[in-house]
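These notes are about the structure you will find just below.
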There are 2 protein chains.
Amino acid sequence: MANDENRSLTLRDVSEASGVSEMTVSRVLRNRGDVSAATRERVLKAAKELGYVPNKIAGALASQRVNLVAVIIPSLSNMVFPEVLGGISEVLETTDLQPVVGVTDYLPEKEEKVLYEMLSWRPSGVIIAGLEHTDAAKAMLRNAGIPVVEIMDVDGKPVDAMVGISHRRAGREMAKAILKAGYTNIGFLGTKMPLDHRARKRFEGFTEALAKSGVEIMDQEFYSGGSALLKGREMTQAMLERTPELDFLYFSNDMIGAGGMLYLLEQGIDIPGQIGLAGFNGVELLQGLPRKLASMDACRRESGRHAAQIIAARVAGEDIESVVELTPKIAFGDTLKRR
Amino acid sequence: MANDENRSLTLRDVSEASGVSEMTVSRVLRNRGDVSAATRERVLKAAKELGYVPNKIAGALASQRVNLVAVIIPSLSNMVFPEVLGGISEVLETTDLQPVVGVTDYLPEKEEKVLYEMLSWRPSGVIIAGLEHTDAAKAMLRNAGIPVVEIMDVDGKPVDAMVGISHRRAGREMAKAILKAGYTNIGFLGTKMPLDHRARKRFEGFTEALAKSGVEIMDQEFYSGGSALLKGREMTQAMLERTPELDFLYFSNDMIGAGGMLYLLEQGIDIPGQIGLAGFNGVELLQGLPRKLASMDACRRESGRHAAQIIAARVAGEDIESVVELTPKIAFGDTLKRR
DNA sequence: ATGAAAGCGCTAACAC
DNA sequence: GTGTTAGCGCTTTCAT
């Protein structure tokens, strides 16, 4: 193990140590072209002894190829996104592509910046959450000359490919199921995130479908920050004190829904008889709660897988469907009457 | 907006479009050296109109500088790691360094591979979870010639710098608090992860401290996979049926602890009178549960921040303390008698 | 099966 | 303040 100077080892070092030309060393290290077993051994041995780590920067510049896929998501703490990432990794691991994650915190300008930074490394593809981006970001995506998959939403026009569910439709379906179950005094509890377009679209779809049946949301409340479970609990209490006639609560995510459920159970309220509940996402995490919250899977892992497949196929020059709408089904659980 | 060919724009394109030399364009784009306001404008205008995105690959090769920090963690779904990442980002955002995340799934060979891949991009520093790595990985870290911070554990010898808590000590402290509260029939419920060295060390510290007082764990059980909340519930039930005389359950993480707590509450068991409970991590998520679970903060965000500070300082050529032990305090919550 | 030369797109270092 | 030159460490291409 060498490298005592503060300089990285180069192909040349391996070349000298093994007495083989740089070019052949390069071939061995990349498994390309024919190299005799003998020289191959010598090279490998030298590389290992020296502790040589190839310089991908130089390699990428010379070959004009980078096996990186930029994955741009709003947040890591949301639980939803690590699952998407899981799906992406699962597929990319079968190729020589690697995901690189960038986080935007739901801020359009930060998204633009992160995208710019990532594109400056010339990745082979981009997977980005959502269909809403700044004009500059859209322009960059269009001009990058690489496959781009927008995920987790299909209510809009993609720059290139898109994979996900329709949140408008998800909202509508849930509204229909709630009405069908006979609830009419409906409250909505959500996050105060004007920039979470998917939550917004769900809300719009929800109210729209209610309106079609002549029903209006009776009360609503939005929170930001803090523990979602706790917030759900607090908001539920506040809302029911304010509007006791409510018979259904639709939560914009499962976590606050779970908080609401725990509160109601403590109050001895009959779920789903007296009050029904539903959340969104189908997070596995919450199995193990006293009741199973009605919810709707956002097809997170699946979206990730599809997106990665599209990138992989395109990079390989294959043709592949570029618009994929996934259709989640309602999980009624124990908190929404089934009709 | 140009770039219709399938070739990325280069500095040369901007140079030609603006009538300024490549070198000066480069200076403008990097804000380096003196450039007259006039030419600066012209360059910026041309770059923007063309939609030029610099090629960091070429830039990095030429300048021998890469503003990336490799962050290598076992998992993203564990909730713990996104928080560490948050701390890292928080600090790096004040510098021009950027974190790049690699995930190992708790597999040493995968860690080795991820590390190799990341080092081949010649990052400015490495932040890596844990002190246990393959010999090859340790050699790579040592030879990389860049600052390396091992985080989330200080029970061992670091390659370079380390930041985190002592899990052995955490286990010991919890054992002492439990004994002091008067519990003696203690059960342990954990994850079946031989490769999670931190959990292992906590367990060792725990049993060691008990042993010092002549106490032995009365029952133990380990799980793998599935929803932690649900597993906690199931394991708790199973263990109490098997060993009804238990008066305390120590869970290796808060999530299964919460599951256990929910089960016990449903059974109408008095917590912490009849049975006491404690978990580990202090996850904010769980606020909002009926009782606050006793736990111990792992100083996740703090660890991330410190680690990033060490990297940033070292990259800037500054001197900085390279071993930082954070000392978590026990949060007694509502499930561990305070004495 | 192996090697030599050219160059990827940028920046450091040095002119002017 | 601006331009010129010479690489950075690889891979491509072509020769042998």
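Letters go in sequence order (proteins before strands), and every chain restarts at 1. Just so you know, these numbers use all the heavy atoms, side chains as well, and skip hydrogens, waters and symmetry mates.
- Salt bridge annotation for A/Glu117-A/Lys113: absent, with no cationic side-chain nitrogen under 4.0 angstrom from a carboxylate oxygen.
- Going from atom CD1 of B/Ile57 over to atom C1' of C/dT11 covers 15 Å, rounded to whole Å.
- If you measure from atom CG of B/Leu61 to atom P of C/dG7, you get 16 Å, rounded to the nearest angstrom.
- D/dC8 atom C1' lies 9 Å from atom CG of A/Asn55, rounded to whole Å.
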Item to complete: Go through the steps to decide whether A/Arg305 and A/Glu90 satisfy the test side chain to side chain contact (heavy atoms under 4.5 Å, CB included), and finish with yes or no.
Response: CA-CA 7 Å; A/Arg305 268 198 294 255; A/Glu90 184 187 325; 3.2 Å; yes
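- At D/dG1, none of the side-chain N or O atoms of B/Thr39 fall inside 4.0 Å of OP1 or OP2 (strictly under the cut-off).
- The two residues A/Val315 and A/Ser124 have their closest heavy-atom pair at CG2-O, 3.7 Å.
- Relative to the side chain of A/Thr24, the nucleotides D/dC8, C/dG3, D/dT11 differ in distance, and C/dG3 lies closest.
- Under the 3.5 Å distance criterion, with hydrogens and angles disregarded, a donor-acceptor pair is assigned to the side chains of A/Ser8 and B/Arg122.
- In this structure, the nucleotide among C/dT11, D/dT11, D/dT4 sitting nearest to the side chain of A/Met23 is D/dT11.
- Taking a 4.0 Å limit (strictly below) on heavy-atom distances, residues 25-35 of chain A reaches DNA chain C at A/Arg27, A/Asp34, A/Val35.
- The residue among A/Thr10 and B/Val20 whose nearest nucleotide of DNA chain D lies closer to the 5′ end is B/Val20.
- Remark: B/Glu112 does not engage B/Lys138 in a salt bridge, criterion side-chain N to carboxylate O under 4.0 Å.
- Side-chain atoms of A/Ser26 and A/Arg30 form a donor-acceptor pair, as typed in the model, at a separation below 3.5 Å.
- Between D/dT11, C/dG9, C/dG3, one nucleotide has an atom nearer to the side chain of A/Ser21 than all others, and that is C/dG3.
- Closest to the side chain of B/Gln64, from the set D/dC8, D/dC10, D/dG1, is D/dC8.
- To the nearest angstrom, P of D/dT11 lies 15 Å from CZ of A/Arg12.
- B/Lys56 has its NZ atom 20 Å from the P atom of D/dG9, to the nearest Å.
- The side-chain contact (heavy atoms from CB on, under 4.5 Å) test with A/Ile311 singles out one residue from A/Val69, A/Val71, A/Ile320, and that residue is A/Val69.
- Looking at the side chain of A/Arg65, the nearest of the listed nucleotides D/dG1, C/dG9, D/dT12 is D/dT12.
- Annotation for A/Leu195 and A/Pro108: closest pair CD1-CD, 3.8 Å, computed over non-hydrogen atoms.
- Between A/Glu22 atom CD and C/dA6 atom P the separation is 15 Å, expressed in whole Å.
- Close to C/dG9, at under 4.0 Å from its OP1 or OP2, lies no side-chain N or O of B/Ser8.
- In this structure, A/Glu16 places its CD atom 13 Å from P of C/dG3, rounding to the nearest Å.
- The residue among B/Arg122 and B/Arg40 whose nearest nucleotide of DNA chain D is located toward the 5' end is B/Arg40.
- Here the side chain of B/Ser63 is nearest to one of D/dC10, D/dT4, C/dA12, namely C/dA12.
- Contact check, A/Tyr52 against D/dC10: a side-chain N or O comes under 4.0 Å of OP1 or OP2.
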